Amino acid sequence: MDMARTHDSAEAAELLATGGRLRRLADDLVVDLDRARRPLRHAMPSGLNLGAFDHDAVSLAHAASAATGPDHVDFQIWWGVDRARYWRQLLDGEGPCGPVLHEPSRLVRETDGAIAAAVLVSEMLPTAWWAGGPWIPEIFVVAKFQGRGGGGLLLEHALGACARAGDKRLGLTVSQGNPARRLYERFGFRPFRSTWFIERP
Ligand SMILES: CC(C)(COP(=O)(O)OP(=O)(O)OC[C@H]1O[C@@H](n2cnc3c(N)ncnc32)[C@H](O)[C@@H]1OP(=O)(O)O)[C@@H](O)C(=O)NCCC(=O)NCCS
């Protein structure tokens, strides 16, 4: 098996018609910061503290796994991935997402120090499909705190900090089927590109 990746719906249809198996369909979304909506008043669940990021990649990997359990649409994409290494690379600004932007990024801990949530914002360099500027490679809230306004608050913080820094847009990727998309759309994010990941026999 090898994995094909395409942004072309006709090519995806052809691959699927010839025995390919869809592993993931993901959309890149963008919000224009001068037109972003602030839909609700979000709040962090009580007892959680917002702070700056540190370099605790192992704890971040554990917490992010706890946010994307077996019921999550992205559960399978992490199979075989060394998540602590992935986080170390993100925090070090290595790889395609670029250096971390510290002001819009936030790490949330419980009073005992356990990681409860995070939003990481990076300065993605310009590419053929992205004009450059802030990108959210990771946003999560651990399962026990989901649905209580924390993710919305982190998004609100990231949007506000990027707007204050003079950025024009903010992007992220979301898999189709992830309910997080509803939250993003409420802030005014809209899709501009899709990626099909197809396993070929
Ligand atoms: C997406 C996520 C960060 C949102 O944080 P949250 O604190 O649960 O969200 P809030 O309480 O601020 O807002 C609730 C909205 O978030 C969305 N949402 C996504 N996943 C959710 C979940 N598991 N539980 C509740 N709401 C969720 C929904 O749109 C929901 O509102 P709705 O039910 O009225 O449509 C969080 O649910 C999470 O970590 N999910 C797993 C990891 C993930 O998918 N990250 C995003 C990758 S692109």
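One-based numbering, in listed order, for ligands and for the atoms of each. Quick caveat, the model's predicted, so the values are computed rather than measured.
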Give a yes or no answer on whether the side chain of [X] reaches the backbone of [Y] with a donor-acceptor pair at less than 3.5 Å.
| X | Y | answer |
| --- | --- | --- |
| Arg181 | Ser175 | no |
| Ser105 | Val121 | yes |
| Asp27 | Leu29 | no |
| His157 | Glu103 | yes |

Return the option from [options] holding the heavy atom at the smallest distance from [atom].
| atom | options | value |
| --- | --- | --- |
| atom 28 (C) of ligand 1 | Gly150, Gly152, Pro179 | Pro179 |
| atom 39 (O) of ligand 1 | Thr173, Val141, Asn178 | Val141 |
| atom 42 (C) of ligand 1 | Asp27, Thr68, Leu183 | Thr68 |
| atom 25 (C) of ligand 1 | Ala63, Gly147, Pro45 | Gly147 |

Only heavy atoms of Ala180, strictly under 4.0 Å: list the atoms of ligand 1 that pass. 1 (C), 19 (C)
Could an N or O of ligand 1 be found under 3.5 Å from any N or O of [X], whether backbone or side chain?
| X | answer |
| --- | --- |
| Arg182 | yes |
| Leu153 | no |
| Tyr184 | no |

Report, as yes or no, whether the 6.0 Å neighbourhood of atom CZ on Arg193 holds more than 12 heavy atoms from other residues, nucleotides or ligands. yes
Just to check, does Val119 reach to within less than 4.0 Å of ligand 1 when the distance is taken from its heavy atoms? no
Of all the heavy atoms in Arg181, does at least one lie under 4.0 Å from an atom in ligand 1? no
Atom 7 (O) of ligand 1: closest protein heavy atom, distance to 0.1 Å, is Gly151 N, 2.8 Å
Hey, could you give me the CG/CG distance between Asp56 and Leu91, rounded to the nearest 0.5 Å? 9.0 Å
Exercise check, heavy-atom protein proximity under 4.0 Å to atom 17 (C) of ligand 1: yes
Return yes if a side-chain donor-acceptor contact under 3.5 Å exists between Arg83 and Thr68, otherwise no. yes
Please state whether the rings of Phe53 and Trp87 are parallel, tilted or perpendicular, taking 30° and 60° as the class boundaries. parallel
